[in-house]
Amino acid sequence: MGWWKHDSAIVDDGAQLGDGTKVWHFSHVCAGARIGEGCSLGQGVYVGNDVAIGRNVKIQNNVSVYDAVTLEDDVFCGPSMVFTNVYNPRSAVPRKNEYRHTLVKRGATLGANCTIVCGATIGEYAFIGAGAVVKGDVTPYALMVGVPARQIGWMSRHGEKLDLPVDGQGHAACPASGERYELTGRTLRLLDATEPQA
């Protein structure tokens, strides 16, 4: 089956792209990039050399995935969201040996125009709202909004807000899938699972 790119896109020799992956207009994938099956890279996407991208990842228009970023399976990167890899950049001070790694775990959503400051781990199925600025690690399933980002709730694997407090005890079901979740303190646990619908 192979992968596909638009005529205006550049995929450097050595890049690894999985079957069914599509690279759209004016995008650039560097030689060291490793991209899984079934991904979509929208218009104007840049993928650096030291980047690993899992399966079924959707990267919308105008996103740069810089060196030291890892995206696990099923991650969604909204239009014009931003990754960084240097915490204190200066044009006159070389800092390529100071890159801080960013890990976005399976199923997480990074909303349009949000910024992920380097060094953070975004937990499984976390949901970062549009325009939020994330400066540290994010708990799995957390719903984050604002500048700086703060947690205001919990999201199901299907992207539905759960009827639970941020902190405390409780149970809730996803209104879309019926999957049940249990909150203990500030930890959310999936009690049963169904396959998310594409």
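- Counting all heavy atoms, side chain and backbone alike, Met81 lies closest to Ile116 at CE-CG1, 3.9 Å.
- For the residue pair Ala68 and Arg100, the shortest heavy atom distance occurs at CB-O, 4.0 Å.
- Note on Val104: it does not cluster hydrophobically with Tyr125, by side-chain heavy-atom contacts below 4.5 Å among ILVMFWY residues.
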- Query: Given Phe83 and Cys77, is the side chain to side chain contact (heavy atoms under 4.5 Å, CB included) satisfied, shown in steps?
  - Reply: CA-CA 10 Å; Phe83 292 104; Cys77 297; 4.1 Å; yes
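- In terms of heavy-atom proximity, Val29 sits nearest to Ala15 at CG1-CB, 3.9 Å.
- The minimum heavy-atom distance linking Ser8 with His25 is given by the pair OG-CA, 3.2 Å.
- Side chain of Trp154 to backbone of Pro165: a donor-acceptor contact under 3.5 angstrom is found.
- The number of heavy atoms from other shown groups lying within 6.0 Å of CG (Asn97) is above 12.
- Cluster membership check: Val69 shares its hydrophobic cluster with Val47, using side-chain heavy-atom separations under 4.5 Å among Ile, Leu, Val, Met, Phe, Trp and Tyr.
- A 6.0 Å sphere centred on NZ of Lys22 holds no more than 12 heavy atoms belonging to other residues, nucleotides or ligands.
- Counting only heavy atoms from C-beta outward, the side chains of Val23 and Leu17 approach each other to under 4.5 Å.
- Residues Val63 and Gly78 approach most closely at CG2-O, 3.4 Å, considering heavy atoms.
- The stretch residues 91-122 participates, sequence neighbours left out, in no ring-ring contact (aromatic ring centres under 6.0 Å, His included) pair at all.
- Met144 and Leu183 fall into different hydrophobic clusters, where Ile, Leu, Val, Met, Phe, Trp and Tyr are joined by side-chain heavy atoms under 4.5 Å apart, directly or via other members.
- Between the Thr102 side chain and the Gly119 main chain, a donor and an acceptor come within less than 3.5 Å of each other.
- In this structure the side chain of Thr109 never reaches within 4.5 angstrom of the side chain of Ile128, judged on heavy atoms.
- Nearest approach of Thr21 to Glu37, heavy atoms of both residues: OG1-C, 3.7 Å.
- Defined by atom type and a distance below 3.5 Å, a donor-acceptor pair is present between the side-chain atoms of His28 and Asp12.
- Annotation: the span from Ile122 atom CD1 to Thr70 atom OG1 amounts to 12.5 Å, rounded to 0.5 Å.
- Distance check: Cys30 SG to Ile10 CD1 gives 9.5 Å after rounding to the nearest 0.5 Å.
- Side-chain contact between Val11 and Trp3 is present, with heavy atoms from C-beta onward closer than 4.5 Å.
- No side-chain heavy atom of Thr184 sits under 4.5 Å from any side-chain heavy atom of Arg189.
- Distance check: Leu191 CG to Leu188 CG gives 8.5 Å after rounding to the nearest 0.5 Å.
- Under 3.5 Å, the side chains of His158 and Ser156 contain no donor-acceptor pair of N or O atoms.
- Dense packing is recorded around CG of Asp19, with more than 12 heavy atoms of other residues, nucleotides or ligands lying under 6.0 Å away.
- For the salt bridge (Lys or Arg N to Asp or Glu O under 4.0 Å) with Asp74, the qualifying choice from Lys58, Arg106, Arg157 is Arg106, the only one to do so.
- The CD atom of Glu179 sits 9.5 Å away from the CG atom of Leu162 when rounded to the nearest 0.5 Å.
- When the side chains of ILVMFWY residues are joined at heavy-atom separations under 4.5 Å, either directly or via intervening members, Phe127 and Val145 end up in a single hydrophobic cluster.
- With rounding to the nearest 0.5 angstrom, the CZ atom of Phe76 is 4.0 Å from the CD atom of Gln60.
- Between Val57 and Glu72 there is no side-chain heavy-atom pair separated by less than 4.5 Å.
- The shortest side-chain heavy-atom distance between Lys161 and Met155 falls under the 4.5 Å cut-off.
- Without hydrogens or angle criteria, Ser27 side chain to Trp24 main chain gives a donor-acceptor distance under 3.5 Å.
- Proximity of Lys105 to Thr121: side-chain heavy atoms (C-beta onward) are separated by under 4.5 Å at one or more points.
- Here the CZ atom belonging to Arg55 is positioned 15.5 Å from the CG atom belonging to Leu71, to the nearest 0.5 angstrom.
- Pairs engaging residues 75-90 under the side chain to side chain donor-acceptor pair (under 3.5 Å) rule: none recorded [sequence neighbours left out].
- Side chains of Leu143 and Gln151 form no contact here, defined as non-hydrogen atoms less than 4.5 Å apart.
- Donor-acceptor pairing under 3.5 Å is lacking for the side chains of Asp67 and Asn49.
- Here Tyr181 pairs with Tyr141 under the ring-ring contact (aromatic ring centres under 6.0 Å, His included) rule; sequence neighbours left out.
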